[in-house]
Amino acid sequence: MTEYYLNSKKKKGYWKSHFLGLFFCFILATYTLIKYTPENNAKNFCLIFFILSLIISVFIIVNFFSIKNFKISNKKLIQLSFFMKEQKVYSFNEIESWTEKKIKGKYDKWDEIIVYFKNGERIKISSEYFDNYSEIKNEVTKGIKHDILLEKMMKNETEKRLAIIFSIISFLLFYGAYNALKIKDIMPKDIVVFGDLTSENIEYVHSKRSYINIRLKKYPDLIFYISNKTLKATFVDDLISEINKGDSIFLGIDKRDYREKLIKVDSLSISDKYFFNENISVESVRAKNGNYLNLSENNLNRSKNKYWNCFIFLFGGLLLLIMSIIGFAGESDKDFH
């Protein structure tokens, strides 16, 4: 009798997702390493991203080389390593049952069978990697029990986990809505207004969330910025056109920032100590020509933002809570039947 062979055939582009992940991590690692400077604590954030990108890269590489190959020979399923070295041999008589599930990724979808053996072991074979997935599946599952009950239980378990995750996130969003409403107006006693000369022209950074950077002569290592949300209360065009390098300017900043970062009489918070100590948010701006960011206008803008933010958090929380309730209701109905 002629011996039957079937070898798994890898898809041509099976490596692309791993390659793109590695390429992204390489770009991130290179960028953060360039930006990192040991003498500047604010750049420690870059060091953390550099280390994380390396860890993720290692995970991607390990995952790539853990992709198995398979061979079928005379009623035996042979599992091979990435480098085609034989690892395990299973007789078809040892197979107890199998299940199949459909997986949907961001850009693609594929099928995956799980083969269960009588000794408790199991292996996964995915159409994501193999061109002849259907052939392998047909050979391995021929005459073997398709455990539909276990398949449904696995699907239900996945849906239950999603429902739990959605409910947790929804409560976090509700907490975010509560915190948004707790934002109070900035009182004159909460800020310190100080004057200095600008060391550079006012920088307007155009991006998805545009902002303004102001640099001062006395504090060359600090960046005083007007955030994207605060820009709505700022006379941006006048500020940029009327304030030049070397001009006098008065900035209002949080009293804590003033004490911790400018006169340094208080200790920095943990986040500022290791990550963001060079950035200081500006709450008011004036010069000899007048006010460019008034505290009252800033507070009015903050009030509008807090109600809008509260609505967004509430809407997201309600949406996810409804989805989780539907998920749990579906589970209860399935359990009843």
Side-chain angles (χ1 to χ4, degrees), residues 6-28 53 56-72 77-82 84 90 95-117 121-170 316 319-331 333-335 337:
L6 176 63
N7 292 315
S8 58
K9 297 175 184 176
K10 292 271 183 67
K11 287 184 175 179
K12 286 183 179 179
Y14 79 96
W15 49 269
K16 286 182 180 178
S17 59
H18 293 83
F19 175 79
L20 289 173
L22 277 176
F23 181 72
F24 174 77
C25 288
F26 173 76
I27 296 295
L28 182 62
S53 62
I56 294 170
S57 296
V58 171
F59 174 79
I60 291 172
I61 292 168
V62 170
N63 180 265
F64 178 71
F65 286 110
S66 66
I67 298 172
K68 308 298 183 185
N69 293 285
F70 297 95
K71 184 170 71 172
I72 294 173
L77 176 64
I78 303 167
Q79 181 178 284
L80 309 169
S81 70
F82 182 85
M84 302 303 290
Y90 301 96
I95 300 176
E96 185 173 37
S97 62
W98 63 278
T99 59
E100 186 173 29
K101 62 179 178 179
K102 296 187 180 296
I103 302 171
K104 190 174 182 180
K106 193 172 182 180
Y107 304 107
D108 201 3
K109 56 185 178 180
W110 59 92
D111 296 331
E112 180 182 87
I113 60 167
I114 304 175
V115 182
Y116 300 89
F117 295 93
E121 291 186 46
R122 64 181 186 175
I123 59 171
K124 296 179 181 181
I125 305 173
S126 174
S127 65
E128 183 185 13
Y129 300 126
F130 303 113
D131 269 329
N132 58 342
Y133 167 81
S134 296
E135 288 182 75
I136 298 170
K137 174 191 166 185
N138 291 337
E139 286 297 323
V140 172
T141 61
K142 193 184 298 180
I144 304 297
K145 176 188 173 186
H146 182 185
D147 199 334
I148 297 174
L149 182 61
L150 178 59
E151 213 168 79
K152 287 181 178 178
M153 287 175 61
M154 291 168 64
K155 186 179 178 182
N156 293 346
E157 190 63 31
T158 301
E159 290 174 354
K160 186 178 179 180
R161 287 174 185 169
L162 282 174
I164 292 170
I165 291 169
F166 285 158
S167 62
I168 291 171
I169 295 174
S170 70
L319 186 65
L320 288 177
L321 184 61
I322 291 169
M323 290 172 68
S324 67
I325 290 171
I326 292 171
F328 284 123
E331 279 297 307
D333 187 55
K334 287 170 186 174
D335 291 340
H337 289 295

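Just so you know, these numbers come straight off a predicted model, no measurement behind them. Sequential numbering from 1 along the given sequence is applied to the chain's residues.
- Atom CD of E96 sits about 13.0 Å away from atom CZ of R122, to the nearest 0.5 Å.
- More than 12 non-hydrogen atoms from other residues, nucleotides or ligands lie less than 6.0 angstrom from CE of M154.
- For the pair S57 and C25, the tightest heavy-atom approach, listed with the atom from each and the gap, is OG-CB, 3.1 Å.
- Considering only heavy atoms from C-beta on, W98 stays 4.5 Å or farther from K145 through its side chain.
- In plain terms, the two heavy atoms of K9 and N132 that are nearest each other are N-OD1, 2.9 Å.
- Between I67 and K10 the shortest side-chain heavy-atom distance falls below 4.5 Å.
- The minimum heavy-atom distance linking T99 with D147 is given by the pair CG2-O, 3.5 Å.
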**OP:** Mind running side-chain contact (heavy atoms from CB on, under 4.5 Å) on E128 and I103 for me, showing each step along the way?
**Re:** CA-CA 9 Å; E128 183 185 13; I103 302 171; over 6 Å; no
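- Among F59, F82, F19, the single residue meeting the ring pair (Phe, Tyr, Trp, His ring centres under 6.0 Å) criterion with F64 is F82.
- Taking each heavy atom of N69 and S81 in turn, the nearest pair found is ND2-O, 2.9 Å.
- Atom-to-atom distance recorded for I95:CD1 and L77:CG is 6.0 Å, nearest 0.5 angstrom.
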**OP:** Show your working on side-chain contact (heavy atoms from CB on, under 4.5 Å) between R161 and E157 and close with a plain yes or no.
**Re:** CA-CA 6 Å; R161 287 174 185 169; E157 190 63 31; 3.9 Å; yes
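- Taking CD1 of I113 as the reference point, atom CD of E151 lies at 11.0 Å (rounded to 0.5 Å).
- The aromatic rings of Y90 and F117 sit parallel, their planes meeting at an angle under 30°, below the 60° perpendicular limit.
- The closest donor-acceptor contact from the side chain of K11 to the backbone of S127 lies under 3.5 Å.
- The distance from atom OG of S53 to atom CG of L22, rounded to the nearest 0.5 Å, is 11.0 Å.
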Subject >> Intermediate values then yes/no, side-chain contact (heavy atoms from CB on, under 4.5 Å), F70 and L6 >> reply: CA-CA 8 Å; F70 297 95; L6 176 63; over 6 Å; no
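- We find that K137 and E100 are joined by a salt bridge, their nearest charged nitrogen and carboxylate oxygen being less than 4.0 Å apart.
- Nearest heavy-atom pair, S97 versus I144, reported as atom, atom and distance to 0.1 Å: CA-CG2, 3.8 Å.
- Of the inter-residue distances, the one linking F166 atom CZ with L319 atom CG reads 9.0 Å to the nearest 0.5 angstrom.
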Original post:
Stepwise, does the side-chain contact (heavy atoms from CB on, under 4.5 Å) test hold for K68 with I125?
Top reply: CA-CA 8 Å; K68 308 298 183 185; I125 305 173; over 6 Å; no
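- Looking only at side-chain heavy atoms (C-beta outward), Y116 and L150 come within less than 4.5 Å of each other.
- The OG atom of S126 sits 10.5 Å away from atom CD1 of I136, with the distance rounded to the nearest 0.5 Å.
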